[in-house]
Amino acid sequence: MQGITRKVIRYSASFMLITIINFTLPRLMPGDPVKNLIGEDVYVSEDVMEELRTELGLNRPLHEQFTSFLLDLLHLDLGYSYHLHAPVAEILLDRMGWTLLFVGVSVLIGALLGSLLGALTGWKPERKMSRFTGFAFVMFSCTPPYFLALLSLYLFSFKLGLFPSKGFYDAPEIGSVMHHLFLPVCVMSVFSASRNFLVMRGSVIQEKKQLYALYARAKGLHNTGILFRHVIKNASLPVITLLALDFGFLFSGALFTEIIFSLNGMGTLIYDAIMGKDYPLLQGAFLVIALTALFANMLADLLYALIDPRVRRPV
């Protein structure tokens, strides 16, 4: 019970901190949102500028703006976009589906591929294939996703013409969507797999030296059986933590990948909102991403307790 209370307090404090940062961060950016809204080539008097600021609530003291922001959040109102002229919640719902599909599939493929290959190479690290796979994944993990995206775009789209260079689909059909998403998903999956691979490989190398693994071997259990029935279960705990972190990290990595592949998701939306100083849209987008990462961490906490009974024990 104490453990649950501690977790509730911890997640509540995290949510409050996220809310404060979401409100503060856009306002620390240089530039005037009203000037961005009007445009650089248009001249308007200072009185008109002040009227616009009053209408948008930007001339109010910061503590009043923050209170209004919190009250709107309590009513699930994320505000109104300055530039897109629509409620922020509607805009985010429209774009978030594509990013969740893109990031969700990438995280899933990356977790399965990285964990499986990491476990196999960690179990037999002396093999040539294990060394080669380790070298390849170290290389991928050190390469930023946007560089992998540019490289694959140049090679497979511009040179070989195998995949489209931008957009989600030509026609709203599943085949067209999969064709357009193939390269971006491959890039993010390889990057995610490389991180999971390194963690799982190191974890398996440590776990296979533990007494329970030696005992299972002494009982005559086959190598594959020891790995898949005993070692992987214990070795996967750090990978679960990494997956929770990956969800937030891949969202930010997806931002650049979405821009490179011109995908109409959260990445391009945030980029446009930053350029236009669209405070409500930025606040809403950052809040959704932060809450998604928070939810992934909560899920990791639950999985940890399910897999490792020691976590459930009172301290």
Side-chain angles (χ1 to χ4, degrees), residues 10-40 49-104 244-259 263-299:
R10 193 174 67 204
Y11 283 116
S12 302
S14 301
F15 176 72
M16 201 57 218
L17 188 64
I18 286 167
T19 309
I20 294 169
I21 292 173
N22 270 336
F23 174 80
T24 312
L25 209 58
R27 285 161 179 80
L28 291 177
M29 293 191 310
D32 185 348
V34 175
K35 282 183 182 172
N36 273 279
L37 185 62
I38 293 169
E40 291 181 357
M49 297 271 286
E50 201 55 35
E51 276 181 29
L52 280 170
R53 286 196 187 93
T54 307
E55 194 176 329
L56 297 174
L58 294 171
N59 61 347
R60 295 159 64 190
L62 277 180
H63 68 274
E64 284 186 20
Q65 290 185 43
F66 184 62
T67 308
S68 172
F69 173 61
L70 286 181
L71 288 174
D72 288 343
L73 272 187
L74 288 175
H75 293 92
L76 302 179
D77 181 4
L78 296 177
Y80 196 84
S81 168
Y82 301 157
H83 287 267
L84 299 180
H85 306 295
V88 171
E90 283 182 17
I91 299 168
L92 290 178
L93 277 175
D94 185 45
R95 299 289 192 94
M96 200 166 54
W98 290 113
T99 300
L100 278 177
L101 174 69
F102 166 45
V103 173
L245 294 173
D246 253 0
F247 222 83
F249 186 75
L250 283 184
F251 255 113
S252 58
L255 189 147
F256 298 106
T257 312
E258 281 187 5
I259 292 168
L263 303 176
N264 209 19
M266 292 280 285
T268 45
L269 185 70
I270 291 171
Y271 176 77
D272 292 339
I274 290 172
M275 298 307 288
K277 310 286 182 296
D278 198 336
Y279 290 171
L281 195 52
L282 272 177
Q283 286 167 183
F286 287 154
L287 187 68
V288 166
I289 291 174
L291 287 180
T292 308
L294 200 65
F295 177 73
N297 274 282
M298 286 170 64
L299 202 61

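Residue indices begin at 1 and follow the sequence shown.
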> Could you go step by step and tell me if Leu101 and Trp98 meet the side-chain contact (heavy atoms from CB on, under 4.5 Å) rule?
Replying inline: CA-CA 5 Å; Leu101 174 69; Trp98 290 113; 4.2 Å; yes
> What pair of heavy atoms forms the shortest contact from His63 to Thr67, and how long is it?
Replying inline: O-OG1, 2.7 Å
>> Return the CG to CG distance between Leu291 and Asn22, rounded to the nearest 0.5 Å.
In response: 8.0 Å
> Hey, what do you get for CG (Leu294) to CD1 (Ile18), rounding to the nearest 0.5 Å?
Replying inline: 5.0 Å
> Could you go step by step and tell me if Leu269 and Leu84 meet the side-chain contact (heavy atoms from CB on, under 4.5 Å) rule?
Replying inline: CA-CA 10 Å; Leu269 185 70; Leu84 299 180; 3.9 Å; yes
>> For the CD atom of Glu51 and the CG atom of Asn59, what is their distance to the nearest 0.5 Å?
In response: 11.0 Å
> With sequence neighbours excluded, what pairs up with Thr24 under the side chain to side chain donor-acceptor pair (under 3.5 Å) test?
Replying inline: none
> Step by step, would you call Leu62 with Phe23 a side-chain contact (heavy atoms from CB on, under 4.5 Å)?
Replying inline: CA-CA 10 Å; Leu62 277 180; Phe23 174 80; 4.2 Å; yes
Show me, pair by pair, the donor-acceptor contacts under 3.5 angstrom made by side chains of residues 278-289, not counting sequence neighbours?
from	atom 1	to	atom 2	distance (Å)
Asp278	OD1	Tyr82	N	3.1
Asp278	OD2	Ser81	OG	2.7
Asp278	OD2	Tyr82	N	3.4
Asp278	OD2	His83	N	3.3
Gln283	OE1	Arg27	NH1	2.5
Gln283	OE1	Arg27	NH2	3.4

> How many angstroms lie between CG in Leu73 and OG in Ser68, if you round to the nearest 0.5 Å?
Replying inline: 9.5 Å
> Is Thr54 reaching over with its side chain to a backbone N or O of Glu50, donor-acceptor style, under 3.5 angstrom?
Replying inline: yes
>> To the nearest 0.5 Å, what is the distance between CE on Met266 and OG1 on Thr292?
In response: 7.0 Å
>> Taking Val88's backbone N and O only, do any of them form a donor-acceptor pair with Tyr80's side chain (distance below 3.5 Å, no angle check)?
In response: no
